Amino acid sequence: MNTSNLFDLTGQVAIITGGNGGIGRAIALGFAAAGAAVAVVGRNPEKNEAVLGELKATGRPAMAMALDISARDELESALGSIQDQLGPVDILVNNAGIASLSGGIMSEAAEDWDAVIETQLNAVFLLSKIAAASMIGRQAGKIINIGSMYSYFGSGLAPSYSAAKGAVIQLTKSMAVELAADNIQVNAIAPGWFETDMTAPIKDTPMEEEIMMRTPAARWGRPEELVGAAVFLASHASDFVTGTTVRVDGGYAIR
Ligand code: NDP
């Protein structure tokens, strides 16, 4: 068996939602380094352009699309346009996300709840449905959903986030069951605590201290440290792996 090609993504087309942010950018660049053509999706055109510049520097085909994934009516044409430019999608990473640090259900506004569920859960369902329709035609594909430690644990701070991330793991399993016969593997990654814009409000607060005490590695993760798991789940190395969640958390979940 030649193991050198197991993680090679040459010729694969990957779409990464939230690909202009901390974790998504790292995965996008990691996939390009492994040979993939990469499309990043995000709302902010400046952030999109910055990552696109880095992707182009790798020499791989790349594009960035300004899209709000909560705009349901725009998803099908957006993915169609990406596929027209780069080719049929082989890998979808549902990574885009927001959090409402409301402090609990008693203080969370219904609109904030809806925005989180729409971005972190409903869009995962809708985008996966569109990508899977293309993958089924070719009898191959990989869908990777980004969960969280709050896929497992409750959060008094961000209940909508925890509800969505818990559901994403169940959705991952359900899609894995449904799509296995079409040779589409659906898996999740549950990151521990990573330094990004999303977690910036927690830095230098008592919560940071609690997190560090609970994380056996006793430090924040760097987005680049998620790339190995993502490339594994995107590549032929994981062709018989489906419905699972890979924790990349410095041991947070075992304590
Ligand atoms: P960032 O805030 O750095 O990135 C979030 C990304 O999502 C940005 O690219 C943002 O781009 C995009 N995004 C948000 N809303 C939308 C939308 N409606 N439409 C399109 N794009 C959107 O955070 P992270 O990199 O930390 O988060 C990435 C994922 O990882 C999220 O799902 C998060 O929940 C998850 N996660 C993060 C952890 C951490 O410790 N950082 C831990 C566990 C999970 P733009 O603003 O341009 O739209």
Side-chain angles (χ1 to χ4, degrees), residues 17-18 21-24 26-27 92-108 112-113 115-125 127-128 142-178 185-203 205-223 225-230 232-234 238 241-255:
T17 69
I23 288 172
I27 292 174
L92 170 67
V93 183
N94 286 305
N95 162 81
I98 53 170
S100 166
L101 308 180
S102 63
I105 61 155
M106 302 309 288
S107 44
E108 180 143 338
D112 293 337
W113 172 276
V116 172
I117 300 293
E118 190 64 28
T119 310
Q120 293 271 20
L121 179 60
N122 295 344
V124 174
F125 155 62
L127 289 167
S128 298
K142 304 275 186 182
I143 297 175
I144 302 169
N145 299 323
I146 303 300
S148 161
M149 288 299 102
Y150 289 134
S151 298
Y152 307 102
F153 306 112
S155 168
L157 179 65
S160 48
Y161 183 87
S162 175
K165 290 301 194 185
V168 153
I169 299 304
Q170 284 303 107
L171 178 60
T172 298
K173 292 185 221 169
S174 297
M175 292 198 296
V177 170
E178 178 180 350
Q185 290 80 48
V186 187
N187 292 290
I189 296 173
W193 292 88
F194 283 73
E195 269 195 284
T196 67
D197 288 351
M198 183 176 279
T199 52
I202 293 164
K203 288 283 280 182
T205 70
M207 193 173 166
E208 178 179 28
E209 205 174 316
E210 274 174 46
I211 291 166
M212 290 309 129
M213 281 179 64
R214 181 169 168 174
T215 304
R219 65 170 175 82
W220 290 85
R222 294 182 296 275
E225 291 176 300
L226 284 162
V227 171
F232 167 64
L233 293 176
S238 63
V241 177
T242 199
T244 198
T245 300
V246 178
R247 286 192 284 107
V248 183
D249 65 352
Y252 182 93
I254 56 170
R255 181 169 273 177

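Just so you know, these numbers come straight off a predicted model, no measurement behind them.
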Might you point out which heavy atoms bring Gln185 and Thr242 nearest each other, and give the distance in Å?
-> CA-OG1, 3.4 Å
Modelled atom types, side-chain donor and acceptor of Ser160 and Glu108, under 3.5 Å | yes
Nearest heavy atoms of Arg255 and Arg214, plus distance in Å = CD-O, 3.4 Å
To the nearest 0.5 Å, atom OG of Ser100 lies from atom CD1 of Ile117 at 10.5 Å
Minimum-distance pair of heavy atoms, taken over all atoms of Gln120 and Ala96 | OE1-O, 3.8 Å
Taking every heavy atom of Gly22 against every heavy atom of Pro223, the minimum-distance pair comes out as O-CB, 3.4 Å
Euclidean distance, Tyr161 OH relative to Ser155 OG, rounded to 0.5 Å = 9.5 Å
For Ser151 and Ser148, indicate whether the former's side chain and the latter's backbone hold a donor-acceptor pair under 3.5 Å.
-> yes
Quick one: closest heavy-atom pair of Pro159 and Gly104, and the distance?
-> CG-C, 3.7 Å
When you look at CD1 of Ile105, are more than 12 heavy atoms from neighbouring residues, nucleotides or ligands closer to it than 6.0 Å?
-> no
Mind checking the CZ-CG spacing from Phe125 to Leu127? Nearest 0.5 Å is all I need.
-> 10.5 Å
Check against side-chain contact (heavy atoms from CB on, under 4.5 Å), Asn94 and Val168 = CA-CA 10 Å; Asn94 286 305; Val168 153; over 6 Å; no
Show your working on side-chain hydrogen bond (donor to acceptor under 3.5 Å, both in side chains) between Glu208 and Trp193 and close with a plain yes or no.
-> CA-CA 10 Å; Glu208 178 179 28; Trp193 292 88; over 6 Å; no
Interatomic spacing from NZ in Lys165 to CG in Leu121 - rounded to 0.5 Å | 9.5 Å
Under 3.5 Å, side chain of Ser162 to main-chain N/O of Gly154, donor-acceptor pair present?
-> no
Side chain to side chain, Ile169 and Tyr152, heavy atoms closer than 4.5 Å | no
Any donor-acceptor N/O pair, Thr215 side chain to Ala217 backbone, under 3.5 Å | no
Sole residue of Asn145, Ile23, Leu226, Val124 in side chain to side chain contact (heavy atoms under 4.5 Å, CB included) with Asn95 | Ile23
Report yes or no: does Asn187 contribute a side-chain atom to a donor-acceptor pair with the main-chain N or O of Thr245 at less than 3.5 Å?
-> no
Side chain to side chain, Val246 and Val241, heavy atoms closer than 4.5 Å | no
Thr17 side, atom OG1; Leu92 side, atom CG - distance, nearest 0.5 Å | 6.5 Å
How would you list, by chain and number, every residue that makes a side chain to side chain donor-acceptor pair (under 3.5 Å) with Thr199, sequence neighbours excluded?
-> none
To the nearest 0.5 Å, how far apart are CD1 in Ile211 and CD1 in Ile202?
-> 5.0 Å
Nearest heavy-atom contact between Ala229 and Val248 is CB-CG2, 3.9 Å
